[in-house]
Amino acid sequence: MARYLAGRAAGVVVILLLVCLFTFVIFFTLSPDPAVMICGKTCTPERIHQIRDALGLNEPFLTQFFSFLIGIFAGRDYGEGANLVHCAAPCLGYSFQTNQSVWDMVVERLPVSATVAIGAAVLWLLVGIAAGLVSAVKEGTWWDRAAMGLALGGSSVPNYVLALALQYVLVVQLQVLPFPQAVAFGDDPVVWFQSYLMPWVVLAAGYACLYARLTRANVIDTLAENFMRTARAKGLSPVLTMRRHALRPALTPIATIFGMDFAALLGGALITETVFGLNGVGKMAADSIAKNDQPVIMAVTLLAAFFVVVGNVVVDLVYTALDPRVRITAR
Amino acid sequence: MALAIHPGAPATSGRRVAGVLLRDRGAVLSAAFLALIVLMALGAPLISAISGHGPNEFDTAAVNTDLGGVPHGAFGGISAEHPLGVEPQNGRDILARIAYGARVSLLIAAAATALTTLLGVVLGMLAGFVQGWVDQVICRIMDFLMAFPALIFMIAILSSLPQGNREVLLVLVISGFGWPYLARVVRGQTLTLVNREFVEAARASGASTGALVFKEILPNLRSSLIVMTTLAVPGYVGTEAGLSFLGVGVAPPTPSWGQMIASSVGWYAVDPMYFAIPGTFLFLTVLSLTVLGDRLRAAFDAGEAS
C-alpha cells in the first residue's frame, strides 16, 4: 500500500510538472509581451527593458521555468537593490494587472468556488440519484419516460443559457430572488443562500440529468444480475433487496464519476461564476484571460490540474474501499 | 444485398439500423430539425438576399436610439422586416446572424469531429495493433491529456495565441483535447480484435498489414465509431459556443451562436428575445444531435444483442 501510494504521488508530481512546462512554453513562445501591456501608452524601450528585467523576462526560458518552480517550493525574489521584493513560498508570482500576490488571490477566492461546487454537488447527487433510482424501479412507466426525456433535454441546455433564463424569470419578472451578491454566510445567511441558489441550480442541472441517466442504467443492469434473483428468491422484500444488494454495485461507478466531476469543479466553475458575477477562482481565470494576466492564468491552470490529478488518486482509493473485488497491488 | 456491397459489414447492417431509426419519432424529428439547420446554414446568403439584411448590416431605424437602443416593437423587434427581431443598439438582423452563425458552428463542429475521429482511429489502432512501446507512449499521452482541466486549458491556449484564423485554431484545440476519448475505445476494441480467429486466419493466409487493418479490423469498429462520433458532435457544438461565449472563440464580426448569447448578457433584462433566440437554436441543435446519437446507439446495441 505504501509503495502504491508513493508511486501514485510520483505520477501526480510528473503530470503537474508537465502541465507547468506545457503552459510555460505556450506563454513563452506565443503570448504577446506582457511588459508592453503593463507599460501602457506612454512607453519607452528603456522602460520596457526595465519591466522585463524586474519580472525576470530577460532570462532564458529554462532559467525562468526553474525560478518559477523554485518559487513554488522555496519562495523567490523579484527585482534587485531598492526594488527587491521577496515572495514567500508558495510563490506563484504577482499579477501583472494588480501587483497582488497570485497565491493570496487564489486563497481569497477558493472559498467561493468551493461553496459553489459543494452546494451544486449536494443538489445534483440528491436529485440525480433519486430520479435515476425511481426511473429504474418504475422502468417503462410514464414517470420513467418523463424523467428520462427531461434528463435528455436538460443535459442539452448550455448552462449560460439556463443562467440567463433563470435570472430573467426569477429576478426580473417574478422578483422572487435578489440579484446574486457577494455576502458572507455570517453577515446575512438568508441573502447568502438566495445569492448562491441560482448558481447551484445552474451548475447542478446538467450533472443531475447525466447522473439520473447513469444511475438508471446501472440500477437496471444490476437488477438483472443473478445475485438479485437469488436475493428475491430467498424471500427478501423488494426494499431490502434494493438496499442491501443492489445499491452498492449500482452506485460504485457513480462515486467514481462524481469524484472526477467534483475535483474538476474545485478549480473553478468558469462559466457559472462569470455569469453570476461570483468572485471565485473561475471568474478570476476568465478575467485574467481577458487581460492576458499570465501569472494568474498559469496559477489557475495549475490549481485545476492539481485538483483533477489528486482527485483521480482519491477516486481510485475510494473505489477499492467500495468494491472489495478490486485490491491494490504494488506494480 | 448490403453484404454484397460491404464485404466486411457486421451483422448490424446499415439498412436495419436505418429502419429502426425511421420508426422512432424522436429520431425523425431530430433529423428533420438538423436538416433544417443545415439548409439554413447553406442558404444563409439566400436568406440575406430575400430579407435584404446582411449579418453585419446596421439598421438604426429598427432600434429606439432614445431608449439606449432597445429594438422598436414587441419581442425584440420581431416584424415582417426582421422575422426574428434585431440586435439592440445596432439593429443587425438576428435571422441573418443565426443563419451565418449556424455555418460557423456546424463547420467547426464537423471539422473538429472529422479531425478527432481521424486522430482517435489512427492513434488508437496504432496502439492496439503495434502494441509494445508505441502503445505505452500513446497511452501516457492520453492519460496526460485526459488529466487536464481541458476547458481552462483551451481558453488559456486560445487567449495566448495570436489573432489568426480563429476557426482553424478552435478546431485544432478542440480535437487536440478530444481524441483520447475516442482513441481509448478504439485501442481497447483493436486489442481484442487482433486476437480473434478471423484476424489470425487472415494473417496466416498471408494478408498484408494494410489488409489486416483496413479489411479485418476497421470494418468491425464501424458501429462503435458511428455511435461515438455522433455522440461527440453535440459536445463540440457546445464547446465552440462556450468558448465563443467566453470571448476566446470566433472573433467578431463573424457571427456565432455562443458569441451572440455572450453579447446578450447585458441586455437580458430589457430584451430577453436577444438571448432566447440563439439560446433556443443552440439548445435544439444540441438536443437533436444527442437524441440522434442516443437512438443510434440503442439501435446498434439491439442489433448486437439479437
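Labels below follow one simple rule: chain letters A, B, ... track the order of the sequence lines, proteins then strands, and each chain is numbered from 1.
- Atom CG of A:Leu18 is separated from atom CG of B:Leu145 by 10.5 Å, given to the nearest 0.5 angstrom.
- Both the backbone and the side chain of B:Ile261 come within contact range of chain A, with heavy atoms under 4.5 Å apart.
- Residue B:Val248 touches chain A through its side chain alone, counting heavy-atom pairs closer than 4.5 Å.
- Heavy atoms closer than 4.5 Å to chain A are found nowhere in B:Ala276, neither backbone nor side chain.
- Atom CZ of A:Phe65 is surrounded by more than 12 heavy atoms from other residues, nucleotides or ligands within 6.0 Å.
- Of all the listed residues (A:Gly149, A:Ala286, A:Ala304), the one sharing the greatest number of non-hydrogen pairs under 4.5 Å with chain B is A:Ala304.
- The distance from the CG atom of B:Leu287 to the CG atom of A:Leu152 is 6.0 Å, given to the nearest 0.5 Å.
- Interface remark: A:Ile297 contributes side-chain atoms only to the contact with chain B (heavy atom separation under 4.5 Å).
- Using a 4.5 Å heavy-atom cut-off against chain B, the contacting residues of residues 207-223 of chain A are A:Arg213.
- Within residues 155-162 of chain A, the residues that have a heavy atom under 4.5 Å from a heavy atom of chain B are A:Ser156, A:Val157, A:Pro158, A:Tyr160, A:Val161, listed by number.
- Heavy atoms of A:Val275 lying under 4.5 Å from chain B belong exclusively to its side chain.
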